[in-house]
Novice: 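Here it is, the structure in full.
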Amino acid sequence: MSMNERYEPQSIEPRWQKRWTEAGTFAAGRHPDAEERYVLEMFPYPSGAMHMGHARVYTIGDALARYLRMRGYDVLHPIGFDALGLPAENAAIKDGKHPAVRTRENIVSFREEMKSLGYSFDWEREIVTSDPEYYRWNQWFFLKMLEKGIAYRREGKANWCTGCLTVIANEQVLEDDGERTCERCSSAVVEKSIPEWAFRITAYADSLLAGLGQLTAWPDRVTTMQRNWIGRSEGAEVDFLVAGTAEKIKVFTTRLDTIFGSTYAVLAPEHPLVSKITRPERLAEVRAFTERMRTTEAAARTGEGAPKEGVSTGAEAVNPFSGERIPVWIANFVLAEYGTGAVMSVPAHDQRDFDFARKYGLPIRVVVQPEAGDRLPPGDRLESAVTADGILVDSGPYSGLASAEARRKMGADAKAKGFGGATARWHLRDWGFSRQRYWGTPIPIIYCDEHGAVPVPYDLLPVKLPEQAIITGTGEPPLAKVPEFVNTTCPKCRKPARRETETMDTFVDSAWYYARYLSPRDEKQPFDPVLAKRWLPIDVYVGGPEHAVMHLLYFRFWNRVMKELGLVPVEEPCQRLVTQGIVNGADGRKMSKRWGNVVAPGPMVKRYGADTVRLFMLFAAPPEKDIDWSDEQVDGMHRFLSRVWRIFHAREETFRADPTALARVEGPFLELRRRTHRAIKKVTEGLQDDLKFNTGIAALMELLNELYALEPKTDSERAATREALLALAMLLSPFAPHVAEELWHEVNASAARDLLLADQPWPSFDPSLVAADTVTIAVQVNGKLRGEVKAAAEAGEAEVRGLAEAEDKVRAHMAGKTLRKVVFVPRRLINFVVG
RNA sequence: GGCCCUCUGGCGAAACGGUAAACGCGCUCGACUCAAAAUCGAGUGGGGCAACCCCCCGUCCCGGUUCGAGUCCGGGGAGGGCCACCA
């Protein structure tokens with residue numbers, strides 16, 4: 001049988017895709033006794049067709065999954081669709097196509113494109129989150145969390161997106177220069193008083209923070225962002241008695257050491273004490289102020305540029321450390337929802353307090369002096385607040401202490417005396433997850449006049465989304481307009497009742513989908529905990545860094561809840577995270593219709609073949625870097641694969657060479673063997689440690705170049721060539737699996753008819769061939785390269801020195817100078833230090 | 001304002017503290033061809049020089065550690081990200 005001379009991916013790729021599917025090559029659980037690996041890429045939201053970003057994530061994950069399978073692991077590499085969500089609904093408002101229909105169509109096209117790219121997914125495990133059999137478990141989790149008090153109904157100010165016409169979570173609000181916009185649709189986000197459902201993620205703040213410490217195989221960038229987002233700040237709470245009353249103002253401060261410098265206290269306008277403690281003569285002004293604040297946007301009120309404004313309540317608070325009476329104000333910049341909604345103001349040591357004090361003529365008192373340098377002038381002559389730690393002054397018994405020490409001591413004393421103590425606060429807020437939209441998971445609650453909010457009993461799940469959708473985008477929950485959905489009976493009293501018409505945030509779907517893959521058709525439980533014990537946590541998770549503080553925080557939270565429910569064995573859902581860079585257009589700008597620089601994977605696969613597209617994704621740069629699409633580079637990848645194809649054709653006569661002849665190989669073909677084994681080492685390391693696919697592929701190119709340079713004439717030379725070809729095919733298979741499979745079968749024609757390369761063990765290298773026996777050693781004089789000498793790899797200093805000193809150039813540069821030192825690095829270099 | 005990341009040929013990128021620029025793209029030249037494409041081969045950081053002998057310069061800038069720094073340390077610049085009146 002003679003090979004086709006031309007590389008025609010279109011004719012070979014579908015054939016192997018079919019063979020892999022028929023053989024069940026990618027089914028997880030094929031090797032129950034083998035060690036397991038779970039490789040996961042973030043599942044796509046199927047809006048429209050697949051784009052290059054998708055092609056990149058799945059190619060990265062797939063290369064890894066294919067490699068691990070060949071390494072003998074039982075690999076779980078599943079895929080599904082994050083099908084519920086706003087874009088499908090917004091599109092429906094535009095053109096009237098039902099989200100379910102649109103989503104189904106998009107999934108079909110995604111599935112086809114993914115298959116045409118040859119991804120080794122275990123398609124039997126595919127999940128679609130809009131399937132009631134999936135989202136019923138969202139509801140199930142919700143009920144469990146309701147029982148445990150993790151899910152709750154709250155009343156208060158929520159973020160309302162004026163574009164999506166729904167409440168969105170804190171994490172989904174983008175803030176830029178005081179402008180608050182929606183991360184999905186970029187519309188303005190305003191505050192709206194609305195009751196909503198929330199998850200008590202703040203109860204896990206400490207655990208989520210502590211867990212970051214174990215995530216050593218996550219990019220620092222992501223753990224840092226999560227750390228900032230969770231935003232733990234250490235401090236203390238202290239009670240200030242309101243003079244002449246029994247009321248206490250509890251303040252939170254991170255600078256307890258400055259408390260003797262506190263010259264006034266400030267409450268948030270919404271603080272419950274405001275109405276109680278305001279003096280009658282101040283009432284009118286305070287009410288006017290509170291009312292104005294109530295109707296002002298948070299951004300306008302507390303944004304960076306907003307001027308500091310406040311009014312005095314006329315009341316006085318008593319500093320529990322000094323007994324001093326200080327005035328109590330209310331001001332716009334104090335937030336009711338952070339800390340205790342009240343602060344002690346220390347204008348000398350806090351810039352915000354300083355500005356406020358200056359504006360309203362409040363006293364400024366220095367109580368911390370710098371440890372070194374000039375002493376600060378009295379407060380009234382300070383030009384700005386001095387916020388650094390230092391040594392306490394005018395602070396009663398604490399004077400003379402360093403700030404850190406003072407904080408410890410004062411915190412302990414406050415606790416001992418019962419008026420406070422050390423504590424911590426978080427930036428993280430609870431996760432408000434109810435959405436006033438249609439295309440989401442219905443929240444399984446029934447409102448009864450008699451029994452209030454009643455959870456839907458477990459055996460009545462799922463509460464299905466009605467097919468009939470009245471999607472108008474007017475902000476009222478669409479489900480409220482579907483009487484057949486709304487009207488029901490109370491599970492307790494059987495009297496007429498109404499269903500909750502809000503749906504869940506789609507981040508709920510993605511918070512636990514990785515576990516559903518374990519037993520995707522399970523009808524009794526969200527997934528099988530026994531399987532979770534085997535497969536979780538995820539070994540490698542690949543996805544975009546834009547999810548650093550949304551999905552990736554939520555799923556860490558959810559996994560903790562699942563652990564408490566006894567469903568998963570570990571707290572952290574994922575060992576290692578790979579955040580891949582963006583695929584930009586050829587012009588370096590983000591791909592966008594606006595720039596006309598969009599390139600879609602589908603047409604590229606048709607034109608070049610999947611293997612070329614995959615190779616481009618992997619060769620352009622390491623996974624975490626952004627890359628620009630480049631037609632020239634893609635041509636280059638295609639040229640490489642064509643060259644690979646042709647060298648197999650040109651060396652057909654070596655396919656039946658006798659491997660035992662390898663022992664006799666010498667000269668350039670021994671060098672070829674060395675390169676073969678070095679390539680195995682290089683590619684393996686690239687897949688194993690750093691995911692440096694690009695350098696691995698470069699090693700294959702070098703091997704290929706060497707094959708072109710050598711024409712085998714003897715049996716032993718043919719054997720060495722065959723060895724190189726075989727290695728080339730195998731090493732190429734995680735990256736360009738189709739062409740690799742085809743060529744591997746060519747070399748192994750008879751033996752491998754019923755086998756698949758995707759199932760073969762990964763090649764190993766011979767260490768004795770990896771190490772060179774002669775090496776080129778750099779010769780330096782005073783650290784500058786002056787020549788090089790060839791020597792045996794094991795040559796010692798004396799031998800190399802002799803060779804080096806014989807070099808004319810080296811002699812010229814050392815002439816007339818005294819040799820002071822010789823640095824010898826075996827196999828690498830020798831450096832003569834002269835002077 | 002705080003925290004973090006990045007900076008290397010014309011371009012994408014390589015480089016355990018040890019010969020900077022592997023590999024690919026682009027470009028130049030040659031072979032094949034009537035010609036072109038494709039393919040194969042050679043060259044390709046800058047400067048000096050008759051010389052592809054050799055010399056000098058070269059990884060954003062300045063300084064340091066070291067026999068030796070793209071890599072480590074200190075300071076600065078530019079670009080990017082996250083957080084931010086958070087007490």
Side-chain angles (χ1 to χ4, degrees), chain A residues 6 174-175 178 219-229 231 233 235-236 251-256 258 265-266 268 301-308 331-335 337-346 350-353 355-356 387 425-427 545-546 548-549 588 615-616 619-622 624-628 630-637 639-640 642-643 646 682 692 694-705 708-709 776-788 808-809 812-813 820-835:
Chain A
R6 276 181 55 88
L174 302 178
E175 220 153 325
D220 285 344
R221 200 153 74 96
V222 174
T223 47
T224 304
M225 277 166 69
Q226 292 215 353
R227 203 166 277 126
N228 288 342
W229 188 260
S233 58
V251 306
F252 175 69
T253 177
T254 53
R255 291 297 304 273
L256 188 55
T258 64
V266 188
R301 200 183 105 185
T302 60
E304 180 85 44
K308 289 167 184 48
N332 59 343
F333 60 84
V334 176
L335 308 172
E337 61 273 18
Y338 188 80
T340 58
V343 300
M344 62 171 213
S345 290
V346 185
D350 180 283
Q351 190 58 42
R352 190 197 45 207
D353 296 345
D355 295 344
F356 192 82
T387 55
R425 291 285 159 184
W426 292 273
H427 170 257
E546 68 274 14
V549 285
L615 214 52
F616 169 75
F619 184 69
E624 61 281 358
K625 287 196 78 165
D626 290 354
I627 59 177
D628 296 345
S630 158
D631 287 322
E632 288 82 8
Q633 286 282 350
V634 175
D635 280 335
M637 293 302 107
R639 207 173 302 148
F640 166 63
S642 302
R643 268 166 66 80
R646 281 195 307 272
K682 188 93 186 170
K692 301 201 84 177
N694 55 338
T695 53
I697 293 167
L700 295 179
M701 290 172 170
E702 286 183 73
L703 181 59
L704 179 66
N705 290 340
Y708 267 87
T776 306
I777 293 175
V779 184
Q780 296 181 338
V781 179
N782 284 347
K784 287 201 175 205
L785 183 69
R786 295 301 177 190
E788 50 188 37
D808 290 346
K809 264 170 75 179
H813 283 275
R820 305 214 183 273
K821 188 176 174 182
V822 178
V823 179
F824 176 64
V825 182
R827 310 167 61 85
R828 288 233 151 231
L829 68 65
I830 185 159
N831 184 16
F832 297 101
V833 183
V834 298

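Chain naming here is simple, since letters A, B, ... match the order of the sequence lines and numbering starts at 1 in each.
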Novice: Determine the contact category for A/Q633: base if any of its heavy atoms lies under 4.0 Å from a base atom, sugar-phosphate if only primed atoms, P, OP1 or OP2 are that close, otherwise nothing.
Specialist: base

Novice: Kindly check if the number of other-residue, nucleotide or ligand heavy atoms within 6.0 Å of CG (A/D626) is above 12?
Specialist: yes

Novice: Can you tell me how far P in B/rC7 sits from the matching atom in B/rA42, rounded to whole Å?
Specialist: 32 Å

Novice: Could you tell me whether A/N831 contacts a base, only the sugar-phosphate backbone, or nothing, with contacts defined as non-hydrogen atoms closer than 4.0 Å?
Specialist: base

Novice: Would you say a side-chain N or O of A/K784 is under 4.0 Å from OP1 or OP2 of B/rC57?
Specialist: yes

Novice: Using a cut-off of 4.0 Å on non-hydrogen atoms, how would the nucleic acid contact of A/W229 be classed: base, sugar-phosphate, or nothing?
Specialist: sugar-phosphate

Novice: Please give the distance between the C1' atoms of B/rC3 and B/rC57 as a whole number of Å.
Specialist: 38 Å

Novice: Please determine if a side-chain N or O atom of A/K821 lies less than 4.0 Å away from the OP1 or OP2 oxygen of B/rG68.
Specialist: no

Novice: Taking only N and O in the side chain of A/R639, is any of them less than 4.0 Å away from OP1 or OP2 of B/rA37?
Specialist: no

Novice: Could you check which nucleotide pairs with B/rG63 in any of the strands shown, counting Watson-Crick or G-U wobble with both distances under 3.5 Å?
Specialist: B/rC73

Novice: Could you check whether A/E632 gets within reach of a base, just the sugar-phosphate, or nothing at all, counting any heavy atom under 4.0 Å?
Specialist: sugar-phosphate

Novice: Any side-chain heavy atom of A/F356 sitting closer than 4.5 Å to one from A/F333?
Specialist: yes

Novice: Pick base, sugar-phosphate or nothing for A/R227, based on heavy-atom distances below 4.0 Å to the nucleic acid.
Specialist: nothing

Novice: So A/Q351, base contact, sugar-phosphate only, or nothing? Heavy-atom distance under 4.0 Å.
Specialist: nothing

Novice: Separation of A/R786 atom CZ from B/rG18 atom P, in whole Å?
Specialist: 20 Å

Novice: Using the P atom as the point on both nucleotides, what is the distance between B/rG81 and B/rG68, in whole Å?
Specialist: 40 Å

Novice: Could you let me know what B/rG30 is paired to, Watson-Crick or G-U wobble, both distances under 3.5 Å, or none if it's on its own?
Specialist: B/rC40

Novice: When rounded to the nearest Å, what value does the distance between P atoms of B/rC60 and B/rG48 take?
Specialist: 24 Å

Novice: Please measure how far the C1' atom in B/rU59 lies from the corresponding atom in B/rC72, and state the result in whole Å.
Specialist: 16 Å

Novice: Counting the atoms with a prime plus P, OP1 and OP2 as sugar-phosphate, which does A/N705 contact under 4.0 Å by heavy atoms, base, sugar-phosphate, or nothing?
Specialist: sugar-phosphate

Novice: Counting only side-chain nitrogens and oxygens, does A/H813 get under 4.0 Å of the OP1 or OP2 atom of B/rC54?
Specialist: no

Novice: Considering only atom P, compute the distance from B/rU6 to B/rU19 and round it to an integer number of Å.
Specialist: 22 Å

Novice: How far, in whole Å, is B/rU39 from B/rG47 if one measures between their P atoms?
Specialist: 31 Å

Novice: Work out how far the P atom of B/rG46 is from that of B/rG41, and round it to whole angstrom.
Specialist: 24 Å

Novice: Using a 90° cut-off around 0 for syn, call B/rG9 syn or anti.
Specialist: syn

Novice: Scan A/P545 against the nucleic acid and name what it touches under 4.0 Å (heavy atoms): base, sugar-phosphate only, or nothing.
Specialist: nothing

